[in-house]
Amino acid sequence: MVGVVGFSLTVPLTRVAVADGAMSPLFVGAARAVIAGALAALALTITRQRLPRGVQWRRLAIVAGGVVVGFPLLTSFALATAPASHGAVVIALLPAATAVMAVLRAGERPRMSFWVAAALGAIAAVVFAAINGGGLGSLHRSDLLLLGAVGAAAIGYAEGGLMARELGAWQTVSWALVLSCPLMIALTGVSIAQDAPRGSGVQWAAFAYLSAVSMFLGFFAWYRGLAIGPMARVSQTQLSQPVMSICWAALLLHETITWPTVLGGIAVIVSALLAVRSRNNGSAPAAQPKRHAREELSIRVDPGVGARDPQHLG
């Protein structure tokens, strides 16, 4: 939920940053990853983190492609022309898409009650976003971009949740950001050459938030939660994100909250709670570290040693 709260400002602030052509979608999508990548490199250097090994780099490339490159760029281009309400639709579909990816990638097997709650939550969230955005008939051509963003984020979330069990939550997003830096620096240079960014102080503040929180700090909590898992269940907490976005709009932009908004928000939150509280049916357990050979020998020879002396196996 800490991660979801951090992400809840992403869509409205992206819309703020690209409004009136002040900043190009390419600049917002790429430059925020460059800033976050610099923060990540600093954190990794100060803490002297060990480099990922072998296949971990390829898996980090999948994470980077989903949450560092794909989702930010696709949503930035979509929100340059589409209302911010469509961003709420994206968030409404993400939990269901992440649950599907958790089944395909992590081998989790939620019960039917979970899928029923997740489906109801997705429907409630889409209807909720549509009511607050002018109805389902107001969809735009950018919907394909938004659907692509959903797919990219779901893949990045599932793979990142698995990587966080091996590398750690903040380390996973940090290495993904560092890995994507050369590409994002090049794209940032192209965007500046085509259309130099400009904007008000509010727009630059929105860009700063997108760089530091949406692209970096928010993933500390989010990937940690997914790593604890099960990912399919934990991902459903994001159903509450459209509700939070509307609340932020009311608090910061003084938008009116109507009774349909309140009732829709309650329906979304209840669905999310039901999905999160549903029990899994044989979900794949989190990866456990390998035991040292001497530990295995000690356990086989005298299983009671560890029970008598907990420090023995330490």
Side-chain angles (χ1 to χ4, degrees), residues 2-43 67-88 90-91 129 132-134 140 142 145-146 149 153 170 173-174 177-178 180-181 183-222 241-257:
V2 172
V4 172
V5 171
F7 293 152
S8 64
L9 282 164
T10 299
V11 168
L13 291 185
T14 299
R15 179 63 176 163
V16 169
V18 300
D20 302 322
M23 302 179 192
S24 70
L26 182 59
F27 175 82
V28 173
R32 76 194 205 189
V34 174
I35 302 299
L39 296 174
L42 181 62
V67 302
V68 179
V69 181
F71 186 80
L73 287 175
L74 290 173
T75 53
S76 294
F77 277 100
L79 292 171
T81 55
S85 61
H86 290 286
V90 170
I91 301 306
N132 286 279
H140 291 68
S142 57
L145 293 174
L146 296 172
W170 75 266
V173 67
S174 294
L177 286 164
V178 169
S180 64
C181 262
L183 172 62
M184 304 311 274
I185 290 173
L187 292 177
T188 300
V190 170
S191 69
I192 293 175
Q194 292 178 344
D195 185 11
R198 58 193 184 280
S200 64
V202 171
Q203 289 176 308
W204 281 109
F207 174 78
Y209 184 94
L210 294 173
S211 302
V213 179
S214 299
M215 199 82 255
F216 188 49
L217 297 177
F219 282 99
F220 286 28
W222 181 242
Q241 190 164 327
V243 181
M244 293 185 189
S245 297
I246 296 298
C247 291
W248 280 121
L251 180 64
L252 301 177
L253 304 177
H254 307 292
E255 295 185 3
T256 302
I257 296 181

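Note that the coordinates shown come from a computational prediction; the quantities given were computed from them, not determined experimentally.
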Is the side chain of Q203 donor-acceptor paired with the backbone N or O of V16 at a distance under 3.5 Å, no angle test?
yes

Aromatic ring proximity, centroids under 6.0 angstrom, F207 and W204:
yes

Closest contact, heavy atoms only, F7 versus V213:
CE2-O, 4.4 Å

Could you measure the distance from the OG1 atom of T14 to the CZ atom of F77? Nearest 0.5 Å is fine.
13.0 Å

For a side-chain contact (heavy atoms from CB on, under 4.5 Å) check, start with the C-alpha distance between M215 and L210, then their side-chain angles and the critical distance, and finish with the verdict.
CA-CA 6 Å; M215 199 82 255; L210 294 173; over 6 Å; no

What one should report as the nearest heavy-atom pair of R32 and P72 is NH2-CB, 3.3 Å

Straight-line distance of T10 OG1 to Q241 CD, nearest 0.5 Å
6.5 Å

Correct closest heavy-atom pair for S76 and V18 would be O-CG1, 4.4 Å

Closest non-hydrogen atoms of L73 and A30, given as atom of the first, atom of the second and distance, are CD2-N, 3.8 Å

Does the side chain of P197 reach to within under 4.5 Å of the side chain of I192, using non-hydrogen atoms?
yes

How many angstroms lie between atom CH2 of W170 and atom CG of L177, to the nearest 0.5 angstrom?
11.5 Å

Looking at every heavy atom in both M184 and V69, which two are closest together, and how far apart are they?
SD-CG2, 3.8 Å

Which atom pair, heavy atoms only, marks the closest approach of F71 to A153?
CD1-CB, 3.6 Å

